[in-house]
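Following: one structure in structure tokens, then a few remarks.
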Number of protein chains: 2
Amino acid sequence: MSEMSSGRGRDAHPAPTLEMVAAAAGVSRATVSRVVNAAPNVSDAIAEAVNEAILKLNYVPNRAARSLVSRRTQVIALVVPETTAKLFSDPFFATVVQGVALYLSDTDFTLNMLIASEMRSEKTRRYLLGGNADGALVVSHHEGDHSYDRLDLSLPIVYGGRPLLESESESYFVDVDNVAGAAEATAHLIATGRRSIATIAGPQDMPPGFDRLRGFRRAMADARLRSDLVEYGDFTPDSGAEAMRRLLDRGEPIDGLFAANDQMAAGAYSVILERGLRIPHDIAVAGFDNNYFGSTAVPALTTIDQPSLELGRAMAEVLVRRIEGKPVDRVTMMPTRLIVRASTTPRDA
Amino acid sequence: MSEMSSGRGRDAHPAPTLEMVAAAAGVSRATVSRVVNAAPNVSDAIAEAVNEAILKLNYVPNRAARSLVSRRTQVIALVVPETTAKLFSDPFFATVVQGVALYLSDTDFTLNMLIASEMRSEKTRRYLLGGNADGALVVSHHEGDHSYDRLDLSLPIVYGGRPLLESESESYFVDVDNVAGAAEATAHLIATGRRSIATIAGPQDMPPGFDRLRGFRRAMADARLRSDLVEYGDFTPDSGAEAMRRLLDRGEPIDGLFAANDQMAAGAYSVILERGLRIPHDIAVAGFDNNYFGSTAVPALTTIDQPSLELGRAMAEVLVRRIEGKPVDRVTMMPTRLIVRASTTPRDA
DNA sequence: ATGAAAGCGCTAACAT
DNA sequence: ATGTTAGCGCTTTCAT
């Protein structure tokens, strides 16, 4: 295993410049620039000659030079709060990033990923304000933290997930329709014959926690059913188990459960089983997120699928449109999808 | 929900330039540049005055301008083959990326993520060769594809995972020690009393597939045990199930199984159970990867943990050292760790 | 120790 | 339709 040897490169073949292309094609640099940027006013003959020279020299425009004069970096920053990065193994988040990257790979933009920790928050701000990116995407997980709002004055920003206090923010965001998704899951429970439906809600200071409870309540109200069987968890399996315990300890009959995410549903499963109750016979269960906590559970969990890839794609698209000055809605809602599995099979089936 | 409004910014506050700082501090631009870059020859008094001006004006150096003259972009490209991106939900991959990002966030480098599809491979090459990055990291999953080797002449590259034909490549890479990990898992099976141990190997044209089989054979040979109970899968659960079926159909006794990854182990589980055999009583099982396929299996799967975060970190570190011209080993091996769970509990325990 | 000046590679008026 | 020219903001000799 040898040592050494390093950052040479880039100098072996001193990269061809626009000027060299101009010389080779026998035209001015301005003309080459026009050809490269597909400007309207170039005669076909010359354009062809220039393109030939470009090909022959293997010319690639220097981005730094271009950025310097055009004031455009063609860079989009993806800001990942460190708390979210810790949950990196969360397939939801990874898929959102993939969606962003996929969309951008068809544009001239490049994706810059930043991990923003408390410590380095100043560094992140400086990076963003230092003209290093044309726009930023902020993905936090459940927090609804729109603390980069102020930066939006200098740089277009698009968030994944709505802000906590929507009325106080003018921020652009793309969000999953948590209310509709939760309502759909609840309605499904009702449609399969359940009447005494409880919910394990998420933290009410996190938008998804709040919205999913709202969706549950709405569906219950629509069916003229009571919706006071509510306990709260923090989206972890353990908290789901405890909430289920509290729910069962109330002594009221429960034949259906909507958990605000699959993890909590998984936690609830263990308690339900431990009390000698059967799923779905005694209690039908529906979750939210559609991840492996639900798909590998026994019985498999009915849940709400989030369009994570599309969410990422949409975030990138909204941001690019803002950067390019095209009109975009300030809020974009992504539809969810009900995934019916064994945990909500009707009793008579 | 309002419409419009867009890419303004950046002009509201015309970013302060080095020149403005110079004026404010009453010195020349050269001096400001020296202070910013911590050059040796600056008097404390002046340095202080300059720093004050920088703070007051909230000055941030313009990267494009800096890159243009210094020929350094401070950008590191992370190339993700699209085939890998599809497996994005794979926690292994996501965590590697996180490791990279985490390491870089303590440096002056920035992470640029590129999805390299077949279609856009030319675009990727141009990007890399166009001086848009100071170095590149290539993470493919299992493929051992080092097809960017040629670019290494112009740009330092570091791979995650060894090349398929190591002898033919001079590439820098960081890899998990698959041989040692597989050997450790197998040795553990042996240590817990198993003697007729089979393996479900991965594709032999993928380095991890090949290396894990080698590790298995080595451990068996060290214990003077036969190692001809080998069937192959393609790392998917289904292929694991089929391989297990073939193994069992051989009619030879099997009391232990090493699967080259957790997915295939999960597939094997179903066949073992379906044949009325018990885990670990009849057959003890060990996997590799340490992901949820194993941790959520029943009984929980003994497996080999890969230091994914550290792998990413190490890749970034090796690349940065190359870029900075510091010595680095061409190959870096990351140690694995045995995670003992219920699937290998000794019979007498 | 500090300043003056040149120039990195490109785009965008402006002129022709 | 094409060329000329003047910078973009910074680093870096070279003087002083």
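Each chain gets a letter, A, B and so on, in the order the sequences are listed, and its residues count up from 1.
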Rounded to whole angstrom units, what separation is found between the [atom1] atom of [X] and the [atom2] atom of [N]?
X       : N       : atom1 : atom2 : answer
R72(B)  : dG9(C)  : CZ    : P     : 17 Å
N132(A) : dG9(D)  : CG    : P     : 14 Å
R66(B)  : dG9(D)  : CZ    : C1'   : 11 Å
E19(A)  : dC10(C) : CD    : C1'   : 11 Å
L68(A)  : dG9(C)  : CG    : P     : 12 Å
R71(A)  : dA12(C) : CZ    : P     : 12 Å
M20(A)  : dC10(C) : CE    : C1'   : 15 Å
L18(B)  : dC8(C)  : CG    : C1'   : 15 Å

Minimum heavy-atom distance between I115(A) and S105(B), given as atom pair plus value: O-CB, 4.3 Å

Least distance between heavy atoms, R330(B) atom then E170(B) atom: CD-O, 3.1 Å

Nearest-nucleotide pick for N41(B), side chain only, options being dG9(D), dA1(C), dG9(C): dA1(C)

From dT2(C), dA5(C), dT2(D), nucleotide with atom closest to R29(B) side chain: dA5(C)

Check: V96(B) and M315(B) side chains under 4.5 Å, non-hydrogen atoms: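 In contact.
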
Full working for side chain to side chain donor-acceptor pair (under 3.5 Å) between S169(A) and D149(A): CA-CA 8 Å; S169(A) 172; D149(A) 275 16; 3.0 Å; yes

Verify the contact: side-chain N or O of [X] to OP1 or OP2 of [N], cut-off strictly under 4.0 Å; return yes or no.
X      : N       : result
T17(B) : dG9(D)  : no
S33(A) : dT11(C) : yes
T31(B) : dA1(C)  : no
N62(A) : dG9(C)  : no

Touch class at under 4.0 angstrom, heavy-atom based, for V27(A) against every strand present: sugar-phosphate

Sugar-phosphate only, base, or nothing, as touched by S70(B) at under 4.0 Å among non-hydrogen atoms: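 Since no nucleic acid heavy atom lies under 4.0 Å of S70(B), the category is nothing.
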
Donor-acceptor pair (no angle test) under 3.5 Å: R34(B) side chain, dG3(C) base: yes

5'-most by nearest nucleotide on DNA chain D - A30(A) or A65(A): A30(A)

V42(B) or P61(A), whichever maps to the more 5' nucleotide of DNA chain C: V42(B)

SB check R321(B) D329(B) (cutoff 4.0 Å): no

